[in-house]
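Have a look at the structure below before the remarks.
This is a predicted model, so every value here is computed, not measured.
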Amino acid sequence: MDLLKHKVHTAYKGVAESLMSTRTTSAFIEKGVVTPDEFVIAGDFLVAQCPTWSWQGGDPKHAKPYLPADKQFLVTRNVPCLKRAAAMEEYAGKENHLDGEDE
């Protein structure tokens with residue numbers, strides 16, 4: 001059933017993208033949508049400010065022509081998790097030093 005939903009959604013999205021033109025004027029304040037140029041500028045700012053974010057080019061056959069080939073989408077990696085951070089704090093200072101060749 002999930003596969004069918006995915007296929008229907010993908011088809012819908014493809015039709016919608018082919019009927020709607022790419023936005024050329026900003027409507028961020030009114031509608032919360034940005035132009036491709038604004039998306040790239042905002043993404044560049046995000047990547048510069050937050051080292052966990054980076055641009056990805058992705059699969060060229062799925063690339064959008066209105067975005068640079070190397071800036072098709074944003075990815076975040078190695079984001080600190082509060083649950084893991086809390087667990088690490090619980091064990092902080094309780095590590096056992098093992099003698100070995102790696103010193």
Side-chain angles (χ1 to χ4, degrees):
M1 185 65 167
D2 287 336
L3 181 61
L4 177 62
K5 287 180 184 178
H6 177 69
K7 287 186 183 264
V8 169
H9 177 74
T10 302
Y12 167 77
K13 206 168 79 170
V15 170
E17 286 179 357
S18 68
L19 295 175
M20 297 176 1
S21 62
T22 303
R23 182 166 285 283
T24 57
T25 57
S26 181
F28 183 71
I29 300 296
E30 300 84 13
K31 298 180 180 180
V33 293
V34 295
T35 66
D37 290 337
E38 290 172 324
F39 176 71
V40 171
I41 290 167
D44 287 343
F45 180 78
L46 181 65
V47 168
Q49 298 299 313
C50 304
T52 61
W53 286 94
S54 65
W55 283 108
Q56 296 292 306
D59 188 347
K61 70 180 180 182
H62 296 294
K64 302 297 179 194
Y66 48 82
L67 291 173
D70 61 336
K71 294 183 178 183
Q72 291 289 308
F73 57 93
L74 291 157
V75 175
T76 187
R77 292 190 173 98
N78 301 320
V79 177
C81 171
L82 293 178
K83 188 173 182 179
R84 286 192 315 238
M88 292 303 293
E89 287 176 1
E90 180 181 333
Y91 294 104
K94 298 178 184 175
E95 299 91 359
N96 292 325
H97 179 74
L98 302 175
D99 293 328
E101 297 177 19
D102 293 329
E103 294 184 63

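Both Leu74 and Val40 are members of a single hydrophobic cluster when ILVMFWY side chains are connected at heavy-atom separations under 4.5 Å. Under the 4.5 Å side-chain heavy-atom criterion for grouping Ile, Leu, Val, Met, Phe, Trp and Tyr, Ile29 is connected to Val34 within one hydrophobic cluster.
Nearest approach of Ser54 to Val47, heavy atoms of both residues: CA-CG2, 3.9 Å.
Counting only heavy atoms from C-beta outward, the side chains of Gln56 and Asp70 never approach each other to under 4.5 Å. No side-chain heavy atom of Thr52 sits less than 4.5 Å from a side-chain heavy atom of Arg77.
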- Residue pair Lys64, Gln72: steps toward the side chain to side chain contact (heavy atoms under 4.5 Å, CB included) verdict: CA-CA 7 Å; Lys64 302 297 179 194; Gln72 291 289 308; 3.7 Å; yes
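At a cut-off of 3.5 Å, with distance as the only test, no side-chain donor of Ser26 or Thr35 sits close to an acceptor on the other residue.
Applying the side-chain hydrogen bond (donor to acceptor under 3.5 Å, both in side chains) rule to pairs touching residues 3-15 yields nothing, sequence neighbours excluded. Residue pairs meeting the ring-ring contact (aromatic ring centres under 6.0 Å, His included) criterion with at least one member in residues 40-88, sequence neighbours excluded, are Phe39-Trp55.
Under the side chain to side chain donor-acceptor pair (under 3.5 Å) criterion, Thr22 pairs with no residue at all, not counting sequence neighbours.
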